[in-house]
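For reference, the structure discussed in these notes is given below.
Keep in mind it's a predicted model, so treat the numbers as computed, not measured.
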Amino acid sequence: PAPTKLQSMKEKTYEKARAFLSPYATKSFESKGRLREEPACPMRTDFQRDRDRIIYSKAFLRLKNKTQVFFAPDGDHYMSRLTHTLDVSQIARSVARCLSLNEDLAEAIALGHDLGHTPFGHVGERVLASLNPAGFRHSEQSLRVVDVLEKDGKGLNLTFEVRDGILNHTKKGHPATPEGEAVSLADRIAYINHDIEDAIRAGIITEDELPEESVRIFGRDTSARINTCVLDIYETSVGKPYVRMSEEKGKALEDLRTFMFERVYEHANTLIQESAERMLRALFAYFSERPEQLPVLYRETAQSDIPRAVCDYLSSMTDRYAINVFKKLFVPREGSV
């Protein structure tokens with residue numbers, strides 16, 4: 001049968017990929033497929049379809065009310081988990097474009113990479129990791145969200161390449177595709193540079209305190225630092241089967257990351273961090289003792305693994321929702337006696 005107009009549109013996308021993408025790029029028509037077979041979309045490639053599924057997921061919508069670094073900041077211009085995700089997506093697409101990689105795949109991975117992140121930023125992740133006997137890593141939880149928890153327990157049924165990139169986006173991961181490597185670098189570039197901006201705005205550090213060698217290499221403002229990183233990735237990786245930074249720029253970025261952990265991540269808003277930790281510990285204990293009070297979505301898991309089910313629930317919460325649940329359960333209300 002003759003192809004429909006929609007199928008013709010999709011074939012044009014394939015033709016562009018064959019003509020213009022790097023030989024090392026991941027082609028959507030060569031995907032290793034989904035966990036469950038399903039009819040292909042007549043218009044969108046598999047990676048475009050994955051991107052759309054992530055954008056319309058409930059977990060993605062919740063990112064706007066999840067902390068990046070600063071809890072309930074006094075100001076409208078601090079990064080949230082959603083603005084960080086969009087930032088990573090933009091940087092990853094820039095890297096993919098300049099290296100002639102698959103932008104759709106890079107974008108899908110970037111948009112999904114933090115879907116499983118906890119409320120209260122890395123404090124939340126650390127608390128759940130200490131309470132769950134099996135540990136907790138937000139990259140693994142992000143994969144669990146798209147595989148199991150979304151769509152009322154059906155999952156999003158994403159492609160292997162997107163799922164792999166989500167799981168392996170952290171510094172210790174080993175992505176199977178160059179697009180996944182691009183997202184991993186973009187994540188680091190995004191959070192280090194914009195967290196510096198937020199920390200300076202919050203008065204925790206000053207620009208003059210940044211490591212001198214890193215400033216010399218990257219420049220003083222966020223835009224200059226990000227542009228230098230992307231250009232370095234291009235110069236180091238163009239025509240190569242990998243996506244990397246040069247040794248010099250990579251070390252300078254790692255020095256900035258170390259500085260941020262020492263001066264900001266471990267010390268910002270200490271009192272609020274302690275409050276967030278107490279809340280999550282109390283909520284974990286409460287639902288561990290009363291798994292029947294978990295929402296329906298998590299009760300089946302609770303039948304065999306209560307800590308896992310409680311982590312699923314708590315990590316899905318926004319900061320505001322976690323605070324409200326804590327208040328409802330533990331803060332006496334007027335007339336409640």
Inset, instruction - Can you see which heavy atom on Ala110 is nearest to which on Ser89, and at what distance? - result: CB-CA, 3.5 Å
Inset, instruction - Applying side chain to side chain donor-acceptor pair (under 3.5 Å), run through Ser184 and Arg188 and close with a yes or a no. - result: CA-CA 7 Å; Ser184 181; Arg188 234 168 301 155; 3.2 Å; yes
Inset, instruction - Work out which heavy atom in Ser80 is nearest to a heavy atom in Thr83; give both atom names and the distance. - result: N-OG1, 2.7 Å
Inset, instruction - Flag the pair Lys171 / Arg257 as yes when at least one side-chain heavy-atom distance between them is below 4.5 Å, and no otherwise. - result: yes
Legend entry - Joint hydrophobic cluster, Tyr24 plus Phe47, side-chain heavy atoms closer than 4.5 Å: no
Inset, instruction - Would you tell me whether Ser130 and Arg126 have side-chain atoms, one donor and one acceptor, within less than 3.5 Å of each other? - result: no
Legend entry - Validation row: Leu283, Tyr286 side chains within 4.5 angstrom (heavy atoms): no
Inset, instruction - Please determine if Glu207 and Arg225 form a salt bridge, counting it only when a charged side-chain N lies under 4.0 Å from a carboxylate O. - result: no
Legend entry - same_hphob_cluster(Phe29, Phe160) at 4.5 Å side-chain heavy-atom cutoff: no
Inset, instruction - Kindly give the heavy-atom pair with the smallest separation between Gly180 and Thr177, and that separation in Å. - result: N-OG1, 2.9 Å
Inset, instruction - Start with the C-alpha gap between Leu185 and Ile233, add the side-chain angles, then the distance that decides, and say whether side-chain contact (heavy atoms from CB on, under 4.5 Å) holds. - result: CA-CA 9 Å; Leu185 281 174; Ile233 292 171; 3.8 Å; yes
Inset, instruction - Determine whether the side chains of Glu161 and Thr26 contain a donor N or O and an acceptor N or O closer than 3.5 Å. - result: no
Legend entry - For Arg299 against Pro291, the heavy-atom pair lying closest together: CG-O, 4.1 Å
Inset, instruction - Might you work through the salt bridge (Lys or Arg N to Asp or Glu O under 4.0 Å) test for Glu248 and Arg216, ending with a clear yes or no? - result: CA-CA 12 Å; Glu248 179 194 38; Arg216 183 189 69 78; 3.7 Å; yes
Legend entry - Any side-chain heavy-atom pair of Ile323 and Met279 under 4.5 Å: yes
Inset, instruction - I would like to know whether Asp50 and Arg34 meet salt bridge (Lys or Arg N to Asp or Glu O under 4.0 Å); could you show each step before the answer? - result: CA-CA 10 Å; Asp50 283 0; Arg34 304 181 183 279; 2.6 Å; yes
Inset, instruction - To the nearest 0.5 angstrom, please state how far the CG atom of Asn168 sits from the OG atom of Ser139. - result: 7.5 Å
Inset, instruction - Count the heavy atoms of every other residue, nucleotide or ligand shown that sit under 6.0 Å from NZ of Lys327, and state whether that count exceeds 12. - result: no
Legend entry - Atom pair CG/CE of Leu231 and Met245 - distance to nearest 0.5 Å: 10.0 Å
Legend entry - Donor-acceptor contact below 3.5 Å, side chain Ser237 vs main chain Lys240: no
Inset, instruction - Decide if atom CD of Glu38 counts as having more than 12 heavy atoms of other residues, nucleotides or ligands within a radius under 6.0 Å. - result: yes
Inset, instruction - Report yes if the side chains of Thr118 and Leu314 come closer than 4.5 Å at any heavy-atom pair, otherwise no. - result: no
Inset, instruction - May I ask you to check whether over 12 heavy atoms, not counting those of Tyr234, lie within 6.0 Å of atom OH? - result: no
Legend entry - Cluster overlap Val162 with Leu35, hydrophobic side-chain contacts below 4.5 Å: no
Legend entry - Inter-residue atom distance Ile192.CD1 - Leu253.CG, 0.5 Å rounding: 4.0 Å
Legend entry - Reported CG-to-OG distance for the pair Asp46 and Ser28, which is rounded to 0.5 angstrom: 6.5 Å
Legend entry - Where Ala252 and Ile217 come nearest, the two heavy atoms and their spacing: CB-CD1, 3.7 Å
Inset, instruction - Keeping the roles fixed (side chain from Lys16, backbone from Thr13), state whether a donor-acceptor pair exists under 3.5 Å. - result: no
Legend entry - Asn132 side chain vs Leu128 backbone, donor-acceptor pair below 3.5 Å: no
Legend entry - Pairing of Lys251 and Glu254 as salt bridge, 4.0 angstrom limit: no
Legend entry - More than 12 heavy atoms of other groups within 6.0 Å of Tyr242 OH: yes
Legend entry - Sidechain-backbone polar pair: Glu150 side chain, Lys58 backbone, donor-acceptor under 3.5 Å: yes
Inset, instruction - Report, as yes or no, whether the 6.0 Å neighbourhood of atom CD on Glu247 holds more than 12 heavy atoms from other residues, nucleotides or ligands. - result: no
Inset, instruction - Flag the pair Glu181 / Arg244 as yes when at least one side-chain heavy-atom distance between them is below 4.5 Å, and no otherwise. - result: no
Inset, instruction - State, with a plain yes or no, whether a side-chain heavy atom of Leu143 is found less than 4.5 Å away from one of Asp147. - result: yes
Legend entry - Any donor-acceptor pair under 3.5 Å from Ser223 side chain to Ile226 backbone: no
Inset, instruction - Apply side-chain contact (heavy atoms from CB on, under 4.5 Å) to the pair Leu111 and Leu86, showing each step before the final yes or no. - result: CA-CA 7 Å; Leu111 292 174; Leu86 297 176; 4.2 Å; yes
Legend entry - Main-chain N/O of Phe120 paired with Asp319 side-chain donor or acceptor, under 3.5 Å: yes
Legend entry - Closest approach of Asp164 to Ala176 (non-hydrogen atoms, all atoms of both residues): OD2-N, 2.7 Å
Legend entry - Heavy-atom side-chain contact between Glu277 and Gln273 under 4.5 Å: no
Legend entry - Hphob cluster co-occupancy, Val145 + Tyr321, side-chain heavy atoms under 4.5 angstrom: yes
Legend entry - Ser246 backbone acceptor or donor facing Thr236 side chain under 3.5 Å: yes
Inset, instruction - Working to the nearest 0.5 Å, report the span between CG of Leu21 and CG of Leu99. - result: 11.5 Å
Legend entry - Test: Arg49 and Asp52 ion pair at under 4.0 Å: no
Legend entry - Exam field: side chain Lys10 to backbone Cys41, donor-acceptor pair closer than 3.5 Å: yes
Inset, instruction - Establish, yes or no, whether a centroid distance under 6.0 Å links the rings of His113 and His138. - result: no
Inset, instruction - Report, as yes or no, whether the 6.0 Å neighbourhood of atom CD on Glu300 holds more than 12 heavy atoms from other residues, nucleotides or ligands. - result: no
Legend entry - Salt-bridge criterion met for Arg44 and Asp104 (N-O under 4.0 Å): no
Can I get a per-line list of side-chain donor-acceptor pairs under 3.5 Å for residues 301-311, giving both atom names and the distance, sequence neighbours left out?
unit_1	atom_1	unit_2	atom_2	d
Ser304	OG	Thr301	O	3.4
Asp305	OD1	Arg308	N	3.1
Arg308	NE	Asp312	OD1	3.3
Arg308	NH2	Gln141	OE1	2.5
Arg308	NH2	Asp312	OD1	3.4

Inset, instruction - Tell me whether Leu61 is reachable from Leu63 by hopping between hydrophobic residues (I, L, V, M, F, W, Y) whose side-chain heavy atoms are closer than 4.5 Å. - result: no
Inset, instruction - Without swapping roles, check the side chain of Arg144 against the backbone of Leu149 for a donor-acceptor pair under 3.5 Å. - result: no
Inset, instruction - Find out whether Tyr14 and Lys27 are in side-chain contact, i.e. whether some heavy atom of one side chain is under 4.5 Å from a heavy atom of the other. - result: no
Inset, instruction - Return yes if some donor-acceptor pair links the side-chain N/O of Arg53 with the main-chain N/O of Asn157 below 3.5 Å, else return no. - result: yes
Inset, instruction - Check the surroundings of atom CD in Glu15: do more than 12 heavy atoms from other residues, nucleotides or ligands lie under 6.0 Å from it? - result: yes
Legend entry - More than 12 heavy atoms of other groups within 6.0 Å of Arg290 CZ: yes
Legend entry - Distance, nearest 0.5 Å, that separates CG of Asp114 from CG of Asp187: 6.0 Å
